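Since the model is a prediction, treat every value here as computed from it, not as a measurement. Naming convention: chains lettered A, B, ... in sequence-line order (proteins, then strands); numbering from 1 in each chain.
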Amino acid sequence: MNNQQLAAIFNLIADLLEIKGEVIYVILAYRKAAESLQNLGREASEYWKEGTLREIPGVGKAIADKIDELLTTGSLRFLEDLKKEIPASLAEWRQISGLGPKKIALIWKSLGITTMEELKQAAQDGKVAGLPGMGEKSAKLILDGMESLSRRSDRLPLWKAAPVVEDLCNILGSLPGVATVSPAGSYRRGRSTVGDLDILVASENPSVVMDAFTSLAGVSRVLGKGATKSSVEFSSGVRAQVWVHPPAKFGTALQYATGSKEHNVAMRQLALSKGFSLSEHSLMGQDGTEHFFATEQDLYAALGLQWVPPEMREDLGEMALAAAGKLPRLVELADIRADLQNHSTWSDGEMSILEMARAAMARGLKVIAFTDHSQSLGVTGGLTIERHAEQQKEIEAAQREVGDGIRILHAAEVEIKADGELDYPDDFLATLDLVLASLHTSLRQPRDKVTARLINAINNPNVDIIGHPTGRKIPDREGADLDMEAVLQAAAKSGVAMEINASPYRLDLDDKYARRAKELGVKISINTDSHSAKDMEAMSFGVAIAKRAWLTPQDVINTWSDEKLLAWLKDKKSAN
DNA sequence: GCCGTTTTCGGCCCGACTGTTTTCAGTCG
């Protein structure tokens with residue numbers, strides 16, 4: 001049983017307990033444990049074997065015992081008993097927006113219904129509207145909620161969210177009286193998928209913003225419209241929410257709207273411990289005096305904290321570091337000087353080596369590696385060794401053309417074949433400037449086999465980087481079922497770097513594994529996997545993942561000087 | 001149910017918006 005499955009069980013327990021009417025703090029404890037398991041870079045089963053389950057944040061005696069029972073027997077007595085009391089199908093109703101635990105309990109107990117179909121029927125028949133505290137609008141809210149639930153996917157992939165956020169910011173920013181616009185929420189925190197889109201607007205005239213936002217083209221449903229906060233659903237199923245605050249309060253408001261919820265709870269607790277009450281409007285002293293902050297920096301400083309980068313705001317230890325003035329200097333987009341996975345027309349790319357190199361130069365890069373596919377990946381036009389010799393000539397010509405502007409590396413994305421062997425012989429690999437090894441095929445192999453394939457590649461002294469390690473595609477394809485802990489341990493031992501593939505379709509490694517890699521001393525390479533100049537824009541997404549993993553420039557080989565990077569590549573070769 | 005630079009027991013964040021209400025409960029973020 002993996003972390004995701006354990007987390008799902010604890011979230012289910014939380015849902016059922018909430019409907020049952022359990023005190024809120026018990027529910028919060030289960031949700032915290034679930035959240036914590038999802039963010040963990042190692043499997044809980046490994047902690048379990050070591051007897052260190054309670055080192056997982058939010059896991060105390062009771063939940064550790066439940067994890068133990070689940071891993072030992074595969075089931076949980078507590079949950080089975082709970083299901084006899086509260087039908088598990090009611091937990092599905094929680095996904096309907098506008099329907100919370102209290103109303104679910106009311107409907108279930110009053111009408112004796114438990115399924116989605118029965119709920120729909122009851123809402124249509126007027127039975128829901130007849131309940132105490134409910135009315136026609138409540139029934140309609142439920143029906144609308146069910147309707148949009150059927151249209152929505154769980155979370156929005158970044159490649160879908162980014163253009164929408166950009167459009168919204170441009171439109172809102174051009175309204176009269178608007179001083180500033182900023183994305184907030186999970187998008188600003190750099191998550192690889194986002195839920196609803198959150199946008200914060202600074203203006204003294206909120207009604208203009210609210211009116212414009214709720215009447216945008218493409219809005220299919222206004223979920224709420226108030227004086228300073230509104231939310232809408234677009235016909236695409238995407239939901240967005242906009243807050244408006246005056247510029248003088250923009251700092252507190254942006255901090256609040258950025259979250260995460262867990263980070264904000266920690267912030268408020270800290271404020272309380274210092275005799276203040278923190279809200280999205282102000283920091284209020286016990287005597288009622290309010291302090292306003294135009295910037296987040298001022299707010300964090302007022303609480304005795306360093307400004308915490310949004311990507312770190314998950315309550316995973318950043319508060320203590322910020323209080324001690326010891327936040328790491330995270331890697332930034334401006335630190336990136338090399339992109340080490342790119343494709344040209346020599347395989348499945350759309351542009352020539354010279355065109356790509358010039359595009360990279362225009363972005364300020366100093367090193368670009370061409371990692372065209374290897375021969376066995378036929379659909380991509382993978383290169384034979386003979387064609388590599390021709391490509392080498394073109395690279396030399398392109399290098400003469402661009403001069404000192406950028407260094408072009410002759411590399412390859414070598415296929416790790418189904419049997420674990422690499423697609424080129426070692427003596428050829430040794431001649432390349434850089435070798436990136438990746439899985440593209442037979443991703444569904446059993447865990448042991450696919451893990452062994454990757455480790456075999458890691459142990460090849462010619463391999464410098466493992467590309468997009470799990471092979472996942474967002475949102476459609478789960479990655480290979482890897483024993484990531486074993487993979488990262490092997491990489492630490494051999495000195496191979498692991499890639500954070502910056503493509504918003506991949507973002508692989510994800511942040512939790514990248515963070516675990518850093519703990520083990522594994523170097524990271526952030527690459528765009530570009531097939532055209534436009535793809536190079538994705539670097540910022542990869543950097544966001546790296547920041548979420550708390551990586552510094554030293555951890556990321558793409559930030560290193562030419563000398564250091566080339567020496568590192570050479571050392572790996574000479575260790576051959 | 002978890003947790004500890006106020007605490008091993010007593011806390012655990014705060015406000016906007018909506019609908020069904022005559023002053024508030026539920027939901028959401």
Side-chain angles (χ1 to χ4, degrees), chain A residues 10 13-14 17-19 21-36 53-67 78 93-107 128-142 144-145 184-186 189 194-200 206 210 214 222-231 239-245 249 252-253 255-284 304 315 319-320 323-324:
Chain A
F10 290 128
I13 290 174
L17 287 176
E18 219 171 2
I19 294 166
E22 179 61 271
V23 289
I24 189 66
Y25 299 110
V26 177
I27 291 146
L28 289 174
Y30 280 108
R31 294 215 191 280
K32 163 113 176 104
E35 178 77 20
S36 191
L53 276 175
R54 294 186 63 178
E55 285 177 11
I56 300 170
V59 174
K61 178 162 191 330
I63 292 181
D65 285 349
K66 288 186 175 69
I67 295 174
F78 176 79
W93 294 11
R94 291 298 319 263
Q95 298 167 43
I96 301 168
S97 70
L99 200 52
K102 299 281 166 44
K103 286 183 182 174
I104 290 175
L106 175 71
I107 293 169
V128 168
L131 294 173
M134 310 271 280
E136 286 301 331
K137 289 196 173 174
S138 304
K140 176 140 192 337
L141 191 67
I142 290 171
D144 287 350
S186 53
R189 299 201 310 281
V194 297
D196 299 351
L197 305 177
D198 300 297
I199 314 272
L200 192 69
M210 296 290 89
T214 51
V222 176
L223 302 164
K225 183 183 176 189
T228 62
K229 180 181 144 185
S230 297
S231 58
R239 288 183 174 198
Q241 171 162 246
V242 169
W243 283 272
V244 186
H245 285 268
K249 298 180 179 178
T252 34
Q255 195 285 322
Y256 166 79
T258 297
S260 65
K261 196 170 65 183
E262 291 77 13
H263 178 81
N264 285 359
V265 168
M267 286 286 283
R268 291 199 170 111
Q269 281 173 344
L270 178 67
L272 277 181
S273 76
K274 292 179 182 285
F276 294 100
S277 168
L278 176 63
S279 74
E280 60 259 56
H281 301 291
S282 68
L283 192 60
M284 199 194 306
D315 194 26
M319 294 294 287

For [X], answer base if it contacts any base atom (sugar-phosphate contacts may also be present), sugar-phosphate if it contacts only those atoms, and nothing otherwise; contact means non-hydrogen atoms under 4.0 Å.
X: K225(A); answer: sugar-phosphate
X: K137(A); answer: sugar-phosphate
X: K140(A); answer: nothing
X: T228(A); answer: sugar-phosphate
X: P132(A); answer: nothing
X: L141(A); answer: nothing
X: E262(A); answer: nothing
X: A257(A); answer: nothing
X: S273(A); answer: base
X: L278(A); answer: sugar-phosphate
X: M134(A); answer: sugar-phosphate
X: Y256(A); answer: base
X: I27(A); answer: nothing

Roughly how far apart, to the nearest Å, are [N] and [M] at atom [atom1]?
N: dA16(B); M: dT22(B); atom1: P; result: 23 Å
N: dC28(B); M: dC13(B); atom1: C1'; result: 14 Å
N: dG10(B); M: dG15(B); atom1: C1'; result: 25 Å
N: dC3(B); M: dT8(B); atom1: C1'; result: 9 Å

For this session: Both distances under 3.5 Å, Watson-Crick or G-U wobble: report the partner of dA16(B), or none.
Result: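 The answer is dT27(B), by the H-bond criterion.
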Exercise. Are M210(A) and V242(A) close enough that some pair of their side-chain heavy atoms sits under 4.5 Å apart?
Worked result: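 They are in side-chain contact.
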For this session: By nearest nucleotide on DNA chain B, pick out whichever of E136(A) and G60(A) is the more 5' one.
Result: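 Between the two, 5'-proximity favours G60(A).
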For this session: Identify, between H281(A) and A29(A), the residue whose nearest nucleotide on DNA chain B lies closer to the 5' end.
Result: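 The residue closer to the strand's 5' end, by nearest nucleotide, is A29(A).
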For this session: Tell me, please, the opening and closing nucleotides of DNA chain B, 5' to 3', among those with an atom under 4.0 angstrom from a non-hydrogen atom of chain A.
Result: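 First and last nucleotides in contact are dG1(B) to dG29(B).
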For this session: Could you tell me the separation between the CD1 atom of I142(A) and the CE atom of M134(A), rounded to the nearest 0.5 Å?
Result: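 Going from the CD1 atom of I142(A) to the CE atom of M134(A) covers 4.5 Å.
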Problem set entry | N-O pairing of E280(A) and K229(A) below 4.0 Å |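 Answer for the salt bridge query: no.
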